[in-house]
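Because the structure is a prediction, the values reported are computed rather than measured.
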Amino acid sequence: MTCPCCNQSVSAPALGDLIAERRISGHAAALLEAVWRGKGMPVMSHVVFDALYADDPDGGPSPTVMYRALRKAFDGLSARLKDTGVSVVEVGYRQGFRLVLHP
């Protein structure tokens with residue numbers, strides 16, 4: 001596969017394969033897809049919220065509920081990505097999330 005960050009060849013699985021193999025779905029899949037599109041750069045929470053609630057005609061629940069759902073999705077995603085060579089990390093307080101590919 002080609003790294004979405006640097007366009008070099010890496011041994012990590014492609015996004016679709018990773019989602020299917022690890023049975024990632026729902027908010028966790030939306031979070032991974034949003035961060036993957038960021039190509040290693042920080043993706044702010046509001047961008048992730050747009051991905052999480054893209055199908056919601058009201059734009060999603062209250063901010064408190066959205067942050068709670070984001071935290072749950074992040075924790076679940078971290079567990080599912082273990083030992084894949086791919087991780088999503090928090091950049092820092094209010095700085096968002098980014099994709100990391102491990103050798």
Kindly indicate whether the side chain of Val86, heavy atoms from C-beta on, has any atom under 4.5 Å from the side chain of Leu15. no
Donor-acceptor pairs under 3.5 Å, side chain of residues 21-35 to any protein atom, not counting sequence neighbours: which ones?
residue	atom	partner	partner atom	Å
Arg22	NH1	Arg80	O	3.0
Arg22	NH1	Lys82	O	3.0
Arg22	NH2	Lys82	O	3.3

Between Val48 and Tyr67, is there shared hydrophobic-cluster membership here, with clusters defined by ILVMFWY side-chain heavy atoms closer than 4.5 Å? yes
Does the side chain of Arg68 come within less than 4.5 Å of Thr64's, by heavy atoms? yes
What are the two closest non-hydrogen atoms of Phe97 and Leu70, and how far apart are they? CE1-CD2, 3.7 Å
Ser87: side-chain hydrogen bond (donor to acceptor under 3.5 Å, both in side chains) partners, not counting sequence neighbours: His102
Rounded to the nearest 0.5 Å, how far does CZ of Arg98 lie from CD of Glu90? 12.5 Å
Sub-4.5 Å side-chain heavy-atom contact between Trp36 and Val88: no
Backbone N or O of Asp58 within a donor-acceptor pair of the Asp56 side chain at under 3.5 Å? yes
Sorted by chain and residue number, the side chain to side chain contact (heavy atoms under 4.5 Å, CB included) partners of Pro61 (sequence neighbours excluded) come out as Tyr53, Val65, Met66
